[in-house]
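Everything below concerns the one structure shown next.
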Amino acid sequence: METLSTEKSFGGVQGVYRHASQVTRCDMTFAVYLPPQAEHGPVPVLWYLSGLTCTHANVMEKGEYRRAAAELGIAIICPDTSPRGDDVPDEDDWQFGSGAGFYVDATVAPYDANYRMYSYVLEDLPAVIAANFPVDMAREGIFGHSMGGHGALVMALRNSQRFRSCSAFAPIVNPSTAGWAANAFTRYLGPDSDDWRAWDAVALVEDGHAFPEILIDQGDADSFLETGLRPWLFGDVCKGGLTELTLRMQPGYGHSYYFISTFMEDHLRWHAARL
């Protein structure tokens, strides 16, 4: 692991790092915020998954999480959204390829060699974090935004014994039926939509997966609300089931980090209560 930068913030340390991933077969950059409590012992871990076109830097620079994370004593881990590099296949399409890994393990060539963000976030990067930082990997939560909200829901639903908490900002809850997400799924996973169900939060709940409690915040002025996000679909499948969903529609808010940063502290406190 290589340290690219570190900065003191709210008594803790915001760092950016790089390592050679055996899962994505390229160098991967990620950010870690360690709160001041980490100087005295292991702290809980909260994974943040970013959305389309983003890197680790978007939430690190605009998410406004450090003050609350320092108070609560939580480490914030921010992976990249996809593999990157000259040897990684890419497309000139903001909804596919670099910046748009959708947190799936691709099965279609040539993307299957590198685009394995599910396994990267679930297995590869956690091993690096555990080996290099003072964290308690028995206390993990996960959240994310948009495409990253989709990733957080999928990872929590498929690994309910591992993660203690889950939340999302404006997640893509049913990518199988969202036009621009379905296009990416076809190219990563093949044309058979039955193969997509393992990567779709609505389908996972329909197929019996559950998570104890999930918090979702969604702006009602989000330009992607009707065409790509549609959180009510997730609300419908959760009703009367094993997953208790708190869905909060926030009047006047859009899809940007102005929205995310407004409710970031709420989400950190939600996770801290469960971690």
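If you're wondering where the values come from, they're calculated on a predicted model, not measured in any experiment. Along the sequence shown, residues carry numbers from 1.
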Looking at His19 versus Tyr120, is the centre-to-centre ring distance below 6.0 Å?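 Centroid separation for His19 and Tyr120: below 6.0 Å.
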
Over all atoms of both residues, closest heavy-atom pair of [X] and [Y]:
{"X": "Ser160", "Y": "Ala210", "answer": "CB-O, 3.4 Å"}
{"X": "Ala184", "Y": "Phe102", "answer": "CB-CE1, 3.5 Å"}
{"X": "Arg274", "Y": "Ser165", "answer": "CB-CB, 3.9 Å"}
{"X": "Asp112", "Y": "Ala106", "answer": "CB-O, 3.3 Å"}
{"X": "Gly101", "Y": "Tyr115", "answer": "CA-CD2, 4.2 Å"}
{"X": "Glu71", "Y": "Gln37", "answer": "O-NE2, 3.5 Å"}

Applying side-chain contact (heavy atoms from CB on, under 4.5 Å) between [X] and each of [options], report the one that passes.
{"X": "Ile260", "options": "His145, His267, His255", "result": "His145"}
{"X": "Leu229", "options": "Ile216, Val173, Asn174, Asp222", "result": "Asp222"}
{"X": "Leu46", "options": "Ile77, Leu268, Leu72", "result": "Leu268"}

Counting only heavy atoms from other residues, nucleotides and ligands, does the tally under 6.0 Å from [atom1] of [X] exceed 12?
{"X": "Leu4", "atom1": "CG", "result": "yes"}
{"X": "Asp192", "atom1": "CG", "result": "yes"}
{"X": "Gln22", "atom1": "CD", "result": "no"}

Distance check, rounded to the nearest 0.5 Å: [X] atom [atom1] versus [Y] atom [atom2]?
{"X": "Trp47", "Y": "Leu122", "atom1": "CH2", "atom2": "CG", "value": "9.0 Å"}
{"X": "Ile142", "Y": "Leu153", "atom1": "CD1", "atom2": "CG", "value": "9.0 Å"}
{"X": "Asp195", "Y": "Asp200", "atom1": "CG", "atom2": "CG", "value": "12.5 Å"}
{"X": "Asp80", "Y": "Met117", "atom1": "CG", "atom2": "CE", "value": "6.0 Å"}
{"X": "Ser98", "Y": "Asp93", "atom1": "OG", "atom2": "CG", "value": "11.5 Å"}
{"X": "Leu275", "Y": "Phe163", "atom1": "CG", "atom2": "CZ", "value": "11.0 Å"}

Pair listing, ring-ring contact (aromatic ring centres under 6.0 Å, His included) test, anchored in residues 60-82, at least two apart: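 Non-adjacent pairs meeting ring-ring contact (aromatic ring centres under 6.0 Å, His included): zero.
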
[X], [Y]: one ILVMFWY side-chain cluster at the under-4.5 Å cut-off?
{"X": "Val59", "Y": "Met147", "value": "no"}
{"X": "Phe30", "Y": "Ile76", "value": "no"}
{"X": "Val45", "Y": "Met60", "value": "no"}
{"X": "Trp232", "Y": "Ile172", "value": "yes"}
{"X": "Val16", "Y": "Tyr33", "value": "yes"}

Between [X] and [Y], does any side-chain donor sit less than 3.5 Å from a side-chain acceptor?
{"X": "Ser167", "Y": "His271", "result": "yes"}
{"X": "Thr55", "Y": "Arg84", "result": "no"}
{"X": "Ser21", "Y": "Asp124", "result": "yes"}

Does [Y] offer a backbone N or O that forms a donor-acceptor pair with the side chain of [X] under 3.5 Å?
{"X": "Thr81", "Y": "Cys54", "result": "yes"}
{"X": "Trp196", "Y": "Pro191", "result": "no"}
{"X": "Asp136", "Y": "Val43", "result": "no"}
{"X": "Arg162", "Y": "Glu140", "result": "no"}
{"X": "Gln14", "Y": "Thr6", "result": "no"}
{"X": "Arg67", "Y": "Ser9", "result": "no"}
{"X": "Asn114", "Y": "Pro83", "result": "no"}

Tyr118, Phe185, Tyr188 screened by ring-ring contact (aromatic ring centres under 6.0 Å, His included) with Trp199, the one that passes: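 Looking at Tyr118, Phe185, Tyr188, the match for Trp199 under the ring-ring contact (aromatic ring centres under 6.0 Å, His included) is Tyr118.
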
Kindly give the cluster partners of Leu215, where membership spreads through any ILVMFWY side chain lying under 4.5 Å from a current member.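 Once heavy-atom contacts under 4.5 Å are chained together, Leu215 belongs with Trp270.
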
Step by step, would you call Asp105 with Thr107 a side chain to side chain contact (heavy atoms under 4.5 Å, CB included)? CA-CA 7 Å; Asp105 282 348; Thr107 56; 5.9 Å; no

Show, in sequence, the C-alpha distance, side-chain angles and deciding distance for Leu225 and Met249, and conclude whether the side chain to side chain contact (heavy atoms under 4.5 Å, CB included) test is met. CA-CA 11 Å; Leu225 180 58; Met249 298 299 298; 4.2 Å; yes

Between His150 and Tyr103, how do the two ring planes meet: parallel, tilted or perpendicular, split at 30° and 60°?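 Judged by the thresholds at 30° and 60°, the geometry between His150 and Tyr103 is tilted.
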
Kindly assign one of parallel, tilted or perpendicular to the pair Phe169 and Phe259, based on the angle between their ring planes and the thresholds 30° and 60°.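 Rings of Phe169 and Phe259: perpendicular, as their planes differ by over 60°.
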
Pairwise side-chain contact, Met264 with Phe143, heavy-atom cut-off 4.5 Å (strictly under):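 A side-chain contact exists here, since the closest heavy-atom pair is under 4.5 Å.
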
Salt bridge between Arg116 and Glu123, side-chain N to carboxylate O under 4.0 Å?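 Between Glu123 and Arg116 there is no salt bridge, as every charged N stays at least 4.0 Å from the carboxylate O atoms.
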
Please evaluate residues Val128 and Tyr17 with respect to the criterion side chain to side chain contact (heavy atoms under 4.5 Å, CB included), reporting the C-alpha separation (whole Å), side-chain torsions for both, the decisive distance (0.1 Å), and the verdict. CA-CA 11 Å; Val128 175; Tyr17 309 90; over 6 Å; no

Residues in side chain to side chain donor-acceptor pair (under 3.5 Å) contact with Arg197, at least two apart in sequence or another chain: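 Listed in chain order: Glu206, Asp207.
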
One pair to check against side chain to side chain contact (heavy atoms under 4.5 Å, CB included): Phe96 and Tyr111. What are the steps and the verdict? CA-CA 11 Å; Phe96 183 81; Tyr111 307 104; 3.4 Å; yes

